[in-house]
Novice: 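Sharing a structure, written as C-alpha coordinates. Questions coming.
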Amino acid sequence: MQKTECFKKILTTGYLKNLTSDRNLQISDAALPGLQFRYSARTGRKVFYLQYRVRGTKRQRHMRLGTLVEFSLNDIRAKAVDMKKDIFAGTDPQVAQRDRIRETAAREARRKRLKELFPVFMDKHCRENNREGTYRTNASLMRIHITPILGDKFIEDIDLGTIQDAYDKIKNNKTIAAADHVMRLMSTFLNWCEKYNHRQINTNPCRLVQKAKSQKFKYQVLDLDGYKRLFAALDDALDIGNYSPQTILAVKAIALTGCRSGEITNLEHD
(Lines give C-alpha, C1' and ligand atoms only; values in the text may rest on other atoms or scores of the structure.)
Protein backbone atom coordinates (compact mmCIF):
# COMPACT_ATOMS: atom_id res chain seq x y z
CA MET A 1 0.00 0.00 0.00
CA GLN A 2 1.39 3.37 -1.02
CA LYS A 3 2.40 5.66 1.80
CA THR A 4 0.53 8.92 2.32
CA GLU A 5 2.45 12.00 3.37
CA CYS A 6 0.57 14.36 5.70
CA PHE A 7 1.59 17.94 6.47
CA LYS A 8 0.15 21.41 7.01
CA LYS A 9 0.38 24.36 4.66
CA ILE A 10 -1.50 27.54 3.87
CA LEU A 11 -3.06 26.46 0.58
CA THR A 12 -2.96 28.62 -2.54
CA THR A 13 -4.60 28.04 -5.91
CA GLY A 14 -1.36 28.17 -7.87
CA TYR A 15 0.36 25.64 -5.59
CA LEU A 16 -2.54 23.19 -5.77
CA LYS A 17 -2.97 23.38 -9.55
CA ASN A 18 0.74 22.73 -10.16
CA LEU A 19 1.05 20.02 -7.51
CA THR A 20 2.45 16.66 -8.67
CA SER A 21 3.98 13.84 -6.65
CA ASP A 22 4.78 10.15 -6.82
CA ARG A 23 3.16 9.73 -3.39
CA ASN A 24 -0.32 10.26 -2.03
CA LEU A 25 -0.53 13.57 -0.19
CA GLN A 26 -2.84 14.90 2.51
CA ILE A 27 -2.42 18.61 3.20
CA SER A 28 -4.25 20.37 6.02
CA ASP A 29 -5.04 24.04 5.40
CA ALA A 30 -3.26 25.95 8.14
CA ALA A 31 -5.57 28.91 7.48
CA LEU A 32 -8.73 26.91 8.18
CA PRO A 33 -8.56 24.01 10.69
CA GLY A 34 -10.31 20.88 9.49
CA LEU A 35 -10.01 21.65 5.78
CA GLN A 36 -7.92 18.99 4.03
CA PHE A 37 -6.63 18.59 0.49
CA ARG A 38 -5.94 15.08 -0.79
CA TYR A 39 -3.83 14.20 -3.80
CA SER A 40 -3.86 10.72 -5.41
CA ALA A 41 -0.55 9.78 -7.05
CA ARG A 42 -2.22 7.02 -9.09
CA THR A 43 -5.10 9.04 -10.58
CA GLY A 44 -3.90 12.62 -10.10
CA ARG A 45 -7.23 13.49 -8.46
CA LYS A 46 -7.23 16.52 -6.16
CA VAL A 47 -10.12 16.58 -3.71
CA PHE A 48 -11.05 18.73 -0.70
CA TYR A 49 -12.46 17.22 2.49
CA LEU A 50 -13.65 18.65 5.78
CA GLN A 51 -12.59 16.80 8.92
CA TYR A 52 -14.98 17.44 11.79
CA ARG A 53 -16.56 16.03 14.91
CA VAL A 54 -20.11 16.82 15.95
CA ARG A 55 -20.41 18.19 19.48
CA GLY A 56 -21.22 15.44 21.96
CA THR A 57 -19.67 12.66 19.85
CA LYS A 58 -16.17 11.19 19.72
CA ARG A 59 -16.13 9.99 16.12
CA GLN A 60 -14.08 11.94 13.58
CA ARG A 61 -15.84 12.35 10.24
CA HIS A 62 -14.67 13.36 6.78
CA MET A 63 -16.98 14.92 4.21
CA ARG A 64 -16.12 15.54 0.56
CA LEU A 65 -16.41 19.20 -0.46
CA GLY A 66 -15.39 19.06 -4.11
CA THR A 67 -12.46 19.62 -6.45
CA LEU A 68 -10.75 22.62 -8.02
CA VAL A 69 -12.52 21.72 -11.25
CA GLU A 70 -15.89 22.17 -9.56
CA PHE A 71 -15.09 25.10 -7.22
CA SER A 72 -12.46 27.76 -6.63
CA LEU A 73 -10.34 27.62 -3.47
CA ASN A 74 -12.27 30.59 -2.04
CA ASP A 75 -15.56 28.79 -2.71
CA ILE A 76 -14.26 25.68 -0.95
CA ARG A 77 -13.20 27.71 2.08
CA ALA A 78 -16.55 29.52 2.23
CA LYS A 79 -18.35 26.19 1.99
CA ALA A 80 -16.22 24.78 4.83
CA VAL A 81 -16.89 27.84 7.02
CA ASP A 82 -20.66 27.49 6.54
CA MET A 83 -20.51 23.80 7.39
CA LYS A 84 -18.44 24.47 10.50
CA LYS A 85 -21.14 26.88 11.68
CA ASP A 86 -23.74 24.14 11.28
CA ILE A 87 -21.49 21.66 13.08
CA PHE A 88 -21.02 24.09 15.97
CA ALA A 89 -24.82 24.33 16.20
CA GLY A 90 -25.00 20.54 16.51
CA THR A 91 -25.95 19.63 12.94
CA ASP A 92 -24.11 16.82 11.20
CA PRO A 93 -23.64 17.92 7.54
CA GLN A 94 -23.52 14.32 6.30
CA VAL A 95 -26.88 13.56 7.90
CA ALA A 96 -28.30 16.82 6.54
CA GLN A 97 -27.02 15.94 3.06
CA ARG A 98 -28.59 12.48 3.19
CA ASP A 99 -31.88 14.04 4.29
CA ARG A 100 -31.75 16.49 1.36
CA ILE A 101 -31.07 13.64 -1.07
CA ARG A 102 -34.02 11.65 0.30
CA GLU A 103 -36.30 14.69 0.13
CA THR A 104 -35.23 15.40 -3.45
CA ALA A 105 -35.84 11.78 -4.44
CA ALA A 106 -39.28 11.82 -2.80
CA ARG A 107 -40.14 15.11 -4.52
CA GLU A 108 -39.04 13.75 -7.89
CA ALA A 109 -41.16 10.64 -7.32
CA ARG A 110 -44.21 12.84 -6.71
CA ARG A 111 -43.66 14.88 -9.89
CA LYS A 112 -46.21 14.09 -12.57
CA ARG A 113 -46.15 14.65 -16.31
CA LEU A 114 -49.06 16.32 -18.04
CA LYS A 115 -49.97 13.16 -19.99
CA GLU A 116 -50.36 11.31 -16.67
CA LEU A 117 -52.66 13.87 -15.03
CA PHE A 118 -54.75 15.24 -17.89
CA PRO A 119 -56.87 12.06 -18.27
CA VAL A 120 -57.50 12.17 -14.50
CA PHE A 121 -58.56 15.82 -14.84
CA MET A 122 -60.89 14.93 -17.70
CA ASP A 123 -62.48 12.15 -15.66
CA LYS A 124 -62.73 13.95 -12.30
CA HIS A 125 -63.46 17.52 -13.43
CA CYS A 126 -64.65 17.70 -17.02
CA ARG A 127 -66.89 14.64 -16.84
CA GLU A 128 -68.55 16.12 -13.77
CA ASN A 129 -68.86 19.74 -14.87
CA ASN A 130 -69.07 19.79 -18.68
CA ARG A 131 -71.97 19.10 -20.97
CA GLU A 132 -71.48 16.06 -23.18
CA GLY A 133 -70.66 18.17 -26.26
CA THR A 134 -68.19 20.31 -24.35
CA TYR A 135 -66.58 17.19 -22.87
CA ARG A 136 -66.08 15.68 -26.34
CA THR A 137 -64.59 18.95 -27.59
CA ASN A 138 -62.17 19.12 -24.64
CA ALA A 139 -61.20 15.48 -25.17
CA SER A 140 -60.41 16.28 -28.81
CA LEU A 141 -58.30 19.29 -27.81
CA MET A 142 -56.39 17.11 -25.36
CA ARG A 143 -55.76 14.42 -28.00
CA ILE A 144 -54.93 16.69 -30.94
CA HIS A 145 -53.09 19.62 -29.33
CA ILE A 146 -52.33 19.41 -25.62
CA THR A 147 -50.85 15.93 -25.23
CA PRO A 148 -48.63 16.05 -28.37
CA ILE A 149 -47.18 19.47 -27.44
CA LEU A 150 -47.07 19.41 -23.63
CA GLY A 151 -47.58 15.75 -22.71
CA ASP A 152 -43.99 15.07 -21.62
CA LYS A 153 -43.70 18.24 -19.52
CA PHE A 154 -43.72 17.96 -15.73
CA ILE A 155 -46.64 19.89 -14.23
CA GLU A 156 -44.32 21.94 -11.99
CA ASP A 157 -42.17 22.92 -15.00
CA ILE A 158 -44.97 24.40 -17.12
CA ASP A 159 -44.21 28.12 -17.07
CA LEU A 160 -45.22 31.17 -19.10
CA GLY A 161 -42.65 30.52 -21.84
CA THR A 162 -43.83 26.93 -22.29
CA ILE A 163 -47.48 27.99 -22.48
CA GLN A 164 -46.76 30.89 -24.83
CA ASP A 165 -44.83 28.63 -27.23
CA ALA A 166 -47.70 26.12 -27.21
CA TYR A 167 -50.24 28.88 -27.91
CA ASP A 168 -48.18 30.28 -30.80
CA LYS A 169 -47.70 26.83 -32.32
CA ILE A 170 -51.42 26.06 -32.31
CA LYS A 171 -52.28 29.55 -33.55
CA ASN A 172 -49.85 29.26 -36.48
CA ASN A 173 -50.73 25.67 -37.43
CA LYS A 174 -54.49 25.86 -36.83
CA THR A 175 -56.50 28.95 -35.91
CA ILE A 176 -56.53 31.67 -33.27
CA ALA A 177 -59.87 30.34 -32.03
CA ALA A 178 -58.41 26.87 -31.49
CA ALA A 179 -55.43 28.31 -29.62
CA ASP A 180 -57.70 30.42 -27.40
CA HIS A 181 -59.85 27.39 -26.64
CA VAL A 182 -56.79 25.34 -25.68
CA MET A 183 -55.61 28.12 -23.36
CA ARG A 184 -58.96 28.23 -21.57
CA LEU A 185 -58.84 24.46 -21.07
CA MET A 186 -55.18 24.57 -19.93
CA SER A 187 -55.97 27.34 -17.45
CA THR A 188 -58.75 25.25 -15.91
CA PHE A 189 -56.43 22.23 -15.82
CA LEU A 190 -53.58 24.09 -14.07
CA ASN A 191 -56.00 25.55 -11.52
CA TRP A 192 -57.16 22.00 -10.85
CA CYS A 193 -53.52 20.91 -10.45
CA GLU A 194 -52.99 23.63 -7.83
CA LYS A 195 -56.08 22.45 -5.94
CA TYR A 196 -54.66 18.91 -5.73
CA ASN A 197 -51.11 20.01 -4.80
CA HIS A 198 -49.46 19.12 -8.10
CA ARG A 199 -48.05 22.67 -8.35
CA GLN A 200 -47.87 25.74 -6.13
CA ILE A 201 -50.94 27.91 -5.58
CA ASN A 202 -51.33 31.02 -7.80
CA THR A 203 -48.69 29.94 -10.34
CA ASN A 204 -51.02 29.48 -13.32
CA PRO A 205 -49.30 31.31 -16.24
CA CYS A 206 -52.19 31.08 -18.72
CA ARG A 207 -53.63 34.48 -17.79
CA LEU A 208 -50.34 36.13 -18.86
CA VAL A 209 -50.23 34.60 -22.35
CA GLN A 210 -50.04 37.19 -25.10
CA LYS A 211 -52.95 36.28 -27.36
CA ALA A 212 -53.48 37.21 -30.98
CA LYS A 213 -56.40 39.33 -32.06
CA SER A 214 -58.92 37.61 -34.29
CA GLN A 215 -59.74 39.27 -37.57
CA LYS A 216 -63.15 40.92 -37.52
CA PHE A 217 -65.37 39.86 -40.36
CA LYS A 218 -67.86 42.19 -42.01
CA TYR A 219 -71.10 40.38 -42.59
CA GLN A 220 -73.11 41.12 -45.72
CA VAL A 221 -76.33 39.91 -47.26
CA LEU A 222 -75.70 37.83 -50.38
CA ASP A 223 -77.43 38.68 -53.63
CA LEU A 224 -78.08 36.16 -56.40
CA ASP A 225 -74.54 36.49 -57.75
CA GLY A 226 -73.16 36.04 -54.23
CA TYR A 227 -75.11 32.81 -53.76
CA LYS A 228 -73.82 31.52 -57.12
CA ARG A 229 -70.21 32.18 -56.06
CA LEU A 230 -70.85 30.60 -52.62
CA PHE A 231 -72.22 27.36 -54.12
CA ALA A 232 -69.43 27.25 -56.72
CA ALA A 233 -66.85 27.52 -53.92
CA LEU A 234 -68.60 24.80 -51.88
CA ASP A 235 -68.70 22.48 -54.92
CA ASP A 236 -64.98 23.08 -55.53
CA ALA A 237 -64.22 22.31 -51.87
CA LEU A 238 -66.26 19.11 -52.13
CA ASP A 239 -64.37 18.04 -55.26
CA ILE A 240 -60.95 18.77 -53.69
CA GLY A 241 -61.72 16.42 -50.81
CA ASN A 242 -59.61 18.21 -48.17
CA TYR A 243 -62.64 19.49 -46.29
CA SER A 244 -65.38 17.81 -44.31
CA PRO A 245 -68.26 16.95 -46.69
CA GLN A 246 -70.69 17.07 -43.75
CA THR A 247 -69.76 20.70 -43.09
CA ILE A 248 -70.12 21.63 -46.78
CA LEU A 249 -73.52 19.98 -47.02
CA ALA A 250 -74.62 21.65 -43.77
CA VAL A 251 -73.69 25.09 -45.14
CA LYS A 252 -75.63 24.34 -48.31
CA ALA A 253 -78.69 23.24 -46.30
CA ILE A 254 -78.63 26.42 -44.21
CA ALA A 255 -78.16 28.62 -47.29
CA LEU A 256 -81.01 26.96 -49.17
CA THR A 257 -83.52 26.95 -46.31
CA GLY A 258 -82.58 30.00 -44.24
CA CYS A 259 -83.05 27.89 -41.10
CA ARG A 260 -80.89 27.83 -38.00
CA SER A 261 -78.89 24.65 -37.50
CA GLY A 262 -81.04 23.63 -34.52
CA GLU A 263 -84.21 24.04 -36.55
CA ILE A 264 -82.87 21.60 -39.14
CA THR A 265 -81.46 19.02 -36.74
CA ASN A 266 -84.71 18.94 -34.75
CA LEU A 267 -86.91 18.33 -37.77
CA GLU A 268 -89.07 15.20 -37.73
CA HIS A 269 -90.87 13.39 -40.53
CA ASP A 270 -94.55 14.36 -40.44
Side-chain angles (χ1 to χ4, degrees), residues 4 6 11 16 24 26-29 31-40 42-125 146-147 149-163 166 186 189-206:
T4 300
C6 303
L11 302 177
L16 296 178
N24 295 332
Q26 179 176 297
I27 307 171
S28 297
D29 189 358
L32 185 59
L35 180 59
Q36 295 178 347
F37 175 81
R38 298 180 187 178
Y39 170 81
S40 171
R42 184 176 64 85
T43 63
R45 287 177 60 82
K46 303 174 180 179
V47 185
F48 290 94
Y49 286 85
L50 181 66
Q51 182 183 39
Y52 69 94
R53 185 176 64 200
V54 179
R55 188 170 52 186
T57 65
K58 296 182 179 180
R59 182 183 173 185
Q60 288 282 351
R61 294 179 178 271
H62 295 80
M63 184 169 181
R64 186 183 187 277
L65 299 182
T67 68
L68 280 178
V69 176
E70 300 169 300
F71 305 99
S72 69
L73 179 57
N74 288 336
D75 291 338
I76 289 289
R77 282 182 170 141
K79 190 175 181 180
V81 169
D82 290 340
M83 291 177 63
K84 286 170 74 71
K85 291 179 181 177
D86 293 338
I87 293 166
F88 182 78
T91 301
D92 188 336
Q94 288 187 355
V95 174
Q97 185 180 61
R98 285 196 296 268
D99 290 342
R100 287 195 298 271
I101 292 173
R102 281 196 295 266
E103 289 174 4
T104 301
R107 187 167 59 251
E108 287 296 319
R110 291 194 301 268
R111 279 159 57 89
K112 299 292 185 181
R113 298 181 188 273
L114 181 141
K115 61 185 178 183
E116 299 176 80
L117 278 182
F118 215 100
V120 180
F121 160 75
M122 291 293 297
D123 187 57
K124 293 183 66 173
H125 178 85
I146 296 175
T147 301
I149 298 175
L150 299 171
D152 289 328
K153 298 289 185 182
F154 286 104
I155 299 299
E156 293 178 348
D157 297 339
I158 297 177
D159 55 12
L160 179 58
T162 303
I163 289 293
M186 276 300 301
F189 169 66
L190 293 179
N191 285 337
W192 178 85
C193 290
E194 292 178 11
K195 182 189 300 183
Y196 289 94
N197 297 320
H198 294 297
R199 60 183 288 135
Q200 292 183 351
I201 297 294
N202 297 326
T203 58
N204 188 345
C206 292

Novice: With sequence neighbours left out, what residues match Tyr39 under ring-ring contact (aromatic ring centres under 6.0 Å, His included)?
Specialist: none
Novice: For Arg100, give me all partners under salt bridge (Lys or Arg N to Asp or Glu O under 4.0 Å), at least two apart in sequence or on another chain.
Specialist: none
Novice: Of all heavy-atom pairs between Leu150 and Thr162, which one has the smallest distance, and what is that distance?
Specialist: CD2-CG2, 3.5 Å
Novice: Just verifying a value: how many Å separate Asn202 CG and Glu194 CD, rounded to the nearest 0.5 Å?
Specialist: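 Interatomic distance, Asn202 CG to Glu194 CD, rounded to 0.5 Å: 6.0 Å.
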Novice: What pair of heavy atoms forms the shortest contact from Leu35 to Leu50, and how long is it?
Specialist: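 Minimum heavy-atom contact is N-CD1, 4.0 Å.
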Novice: Verify the neighbour count for atom NZ of Lys79: are there more than 12 heavy atoms of other residues, nucleotides or ligands below 6.0 Å?
Specialist: yes
Novice: If you take all heavy atoms of Val54 and Gly90, which pair is closest and at what distance?
Specialist: CG1-O, 4.0 Å
Novice: Once side chain to side chain contact (heavy atoms under 4.5 Å, CB included) is applied, do any residues pair with Gln60, and if so which ones, sequence neighbours excluded?
Specialist: Gln51, Arg53
Novice: Do the rings of Phe189 and Trp192 sit parallel, tilted or perpendicular, given the 30° and 60° boundaries?
Specialist: parallel
Novice: Drop me the distance from Leu117's CG to Lys124's NZ, to the nearest 0.5 angstrom.
Specialist: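 So the CG of Leu117 and the NZ of Lys124 are separated by 10.0 Å.
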Novice: Which residue pairs satisfy the salt bridge (charged side-chain N to carboxylate O under 4.0 Å, His left out) criterion with at least one member in residues 80-95, sequence neighbours excluded?
Specialist: Arg61-Asp92
Novice: For residues 47-76, pull every pair meeting ring pair (Phe, Tyr, Trp, His ring centres under 6.0 Å), keeping only residues two or more places apart or in separate chains.
Specialist: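 The answer is Phe37-Phe48.
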Novice: Whether the side chain of Arg45 engages the backbone of Ser40 through a donor-acceptor N/O pair (distance < 3.5 Å, no angle test) should be reported.
Specialist: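 Such a contact is absent between Arg45 side chain and Ser40 backbone.
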Novice: Under the rule for side-chain hydrogen bond (donor to acceptor under 3.5 Å, both in side chains), what residues qualify as partners of Glu156, not counting sequence neighbours?
Specialist: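 Checked Glu156 against side-chain hydrogen bond (donor to acceptor under 3.5 Å, both in side chains); matches are Arg111.
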Novice: So if I apply the side chain to side chain contact (heavy atoms under 4.5 Å, CB included) rule between Leu11 and each of Ile76, Leu16, Leu32, which one comes out positive?
Specialist: Leu16
Novice: How long is the gap from SG on Cys206 to CG on Leu190, to the nearest 0.5 Å?
Specialist: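 Nearest 0.5 Å value for the SG-CG distance: 5.0 Å.
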Novice: For Arg113, check side chain to side chain contact (heavy atoms under 4.5 Å, CB included) against everything at least two apart and list the hits.
Specialist: Lys115, Glu116, Asp152, Phe154
Novice: Just so I know, are the side chains of Thr67 and Lys46 near enough to count as touching, which here means a heavy-atom distance under 4.5 Å?
Specialist: no
Novice: Is any side-chain heavy atom of Arg38 less than 4.5 Å from a side-chain heavy atom of Asn24?
Specialist: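 No, too far: nothing below the 4.5 Å cut-off.
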Novice: Listed by chain and number, what are the salt bridge (Lys or Arg N to Asp or Glu O under 4.0 Å) partners of Arg77, not counting sequence neighbours?
Specialist: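 Applying salt bridge (Lys or Arg N to Asp or Glu O under 4.0 Å) to Arg77 gives Asp29.
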Novice: Let me confirm one number: the OG1-CG distance from Thr203 to Leu160, rounded to the nearest 0.5 Å.
Specialist: 12.0 Å
Novice: What's the shortest heavy-atom distance between Leu73 and Leu68, and which atoms?
Specialist: N-CD2, 4.0 Å
Novice: Go through the structure and list residues passing side-chain hydrogen bond (donor to acceptor under 3.5 Å, both in side chains) with Ser72, not counting sequence neighbours.
Specialist: Asp75
Novice: Taking only residues two or more places apart in sequence or in another chain, which ones pass side-chain hydrogen bond (donor to acceptor under 3.5 Å, both in side chains) with Asn191?
Specialist: Asn204
Novice: Write down the atom of Leu65, the atom of Met83, and the distance for their closest heavy-atom approach.
Specialist: CD2-SD, 3.3 Å
Novice: Carefully, step by step, assess Phe118 and Met186 under the rule side-chain contact (heavy atoms from CB on, under 4.5 Å).
Specialist: CA-CA 10 Å; Phe118 215 100; Met186 276 300 301; 4.0 Å; yes
Novice: Kindly write out the residues that satisfy ring-ring contact (aromatic ring centres under 6.0 Å, His included) with Phe88, not counting sequence neighbours, or none if the list is empty.
Specialist: none
Novice: Could you pull out all residues at least two apart from His125 that satisfy side-chain hydrogen bond (donor to acceptor under 3.5 Å, both in side chains)?
Specialist: Asn129
